[in-house]
Amino acid sequence: MAHLKINYFSNALLKDCQMDVLLPQKTADSPNWNQDLLTDLPVLYLLHGMSDDNTSWLRNTRLERLIKNTPLAVVLPNADLSWYANTTYDMNYYDEIAIELPQVVHDLFPQISTKRDKNFIMGSSMGGYGAYKIALSTNNFGYAAALSGAFDPSGSNKILTSFRSNDYWNGVINKRDDFKVSPENLLHLAEQKLSLHEPVPNLYAWCGQQDFLYQDNLNLISNLEQLGINIDAEFTNGKHDWYSWDKFLENILEWLPIEYMPEERLC
């Protein structure tokens, strides 16, 4: 795996931004990847949570080691505390991550596939919410996964809202006082996608039963299933922590339609 740290200019934000990128590299120890495979690479956009940045998945999980034998590119952008939204204070993070970033990635790395069924997005906590939001509001991603997804930023989850002031939440969540039709409401985005007869991405969710977001996950999955949208969901013992997300990262790699090659383990 090659690990690249990229600084690029965002026209959506009118500022310099950062991302980390992992790319398969042919070495003496790598699998026998053919050239066709390496010129149409599937890609996973991996989103961070509220207290994290574009380096968090690399610092806190086995990500790079797990995919070292798998032909998969990984893009890790930095979205600050934006909730992947076009904020009310005129910072267009949604436009930057959902629309602009895939084009920047494909311009810089033409070997990465532009095909919907080879573009995946996932994240933890705020990043899990962002993954669902971007996948349900665009047609760019065939698969979206969330670990401990913070699916309801409306204000009903008092533990979640206690992390920041009300001014902050009103800045990042548009129409928070009328959340039913907010562009940040995942259920509303799903209803819009169905009404437009657009393809719904394959969805995966995991949340720990001891996580403060557990009920929010149950609620969203139930509501989506009532719309006829199926989700591969797992609920096990677990908390809102990197131990759990690292543990279930491999489940998602096995779920994605990629040639995932697990590392050899003797115990």
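Bear in mind that the values here come from a model prediction, so they are computed numbers and not experimental data.
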Among Gln25, Lys26, Gln111, side-chain contact (heavy atoms from CB on, under 4.5 Å) partner for Leu38: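 Option passing the side-chain contact (heavy atoms from CB on, under 4.5 Å) with Leu38: Lys26.
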So, does [X] use its side chain to make a donor-acceptor pair with the main chain of [Y] at under 3.5 Å?
X      : Y      : result
Glu96  : Leu13  : no
Ser124 : Gly128 : no
Asn202 : Gly142 : yes

In sequence, state the C-alpha distance, the side-chain angles, and the governing distance for Thr161 and Trp169, and then conclude on side-chain contact (heavy atoms from CB on, under 4.5 Å). CA-CA 8 Å; Thr161 55; Trp169 289 109; 4.0 Å; yes
[Y] versus [X], side-chain donor and acceptor atoms under 3.5 Å:
X      : Y      : result
Arg176 : Asn185 : no
Asp40  : Ser113 : yes
Asn54  : Lys5   : no
Asp211 : His240 : yes
Asp152 : Ser156 : yes
Tyr93  : Asp80  : yes
Asn7   : Asp16  : no
Gln215 : Asn219 : yes
Asp53  : Asn78  : no
Ser82  : Tyr94  : no

Hey, is Lys68 close enough to Glu263 for a salt bridge, meaning N to O under 4.0 Å?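 A salt bridge is absent here (no side-chain N lies under 4.0 Å from a carboxylate O).
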Consider only side-chain heavy atoms of I, L, V, M, F, W and Y, link residues closer than 4.5 Å, and tell whether Ile97 and Met122 are in one cluster.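 Different clusters: Ile97 never reaches Met122 through Ile, Leu, Val, Met, Phe, Trp or Tyr contacts under 4.5 Å.
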Answer yes or no: does atom [atom1] of [X] have more than 12 heavy-atom neighbours from other residues, nucleotides or ligands under 6.0 Å?
X      : atom1 : value
Lys15  : NZ    : yes
Asp90  : CG    : no
Lys239 : NZ    : no
Glu234 : CD    : yes

Let me see the working for Ile252 and Tyr204 under side-chain contact (heavy atoms from CB on, under 4.5 Å), right down to the final yes or no. CA-CA 8 Å; Ile252 294 176; Tyr204 172 95; 3.6 Å; yes
In chain order, what residues pass the side-chain hydrogen bond (donor to acceptor under 3.5 Å, both in side chains) check against Trp206, with sequence neighbours excluded?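 Here the qualifying residues are Thr236.
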Identified ring-ring contact (aromatic ring centres under 6.0 Å, His included) counterpart of Tyr129 within the set Tyr84, Phe151, Trp83: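 With Tyr129 as partner, ring-ring contact (aromatic ring centres under 6.0 Å, His included) holds for just one option, Trp83.
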Using ring centroids (six-membered ring only for Trp), state whether Phe163 and Tyr168 fall under 6.0 Å.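 No; Phe163 has its ring centre 6.0 Å or more from that of Tyr168.
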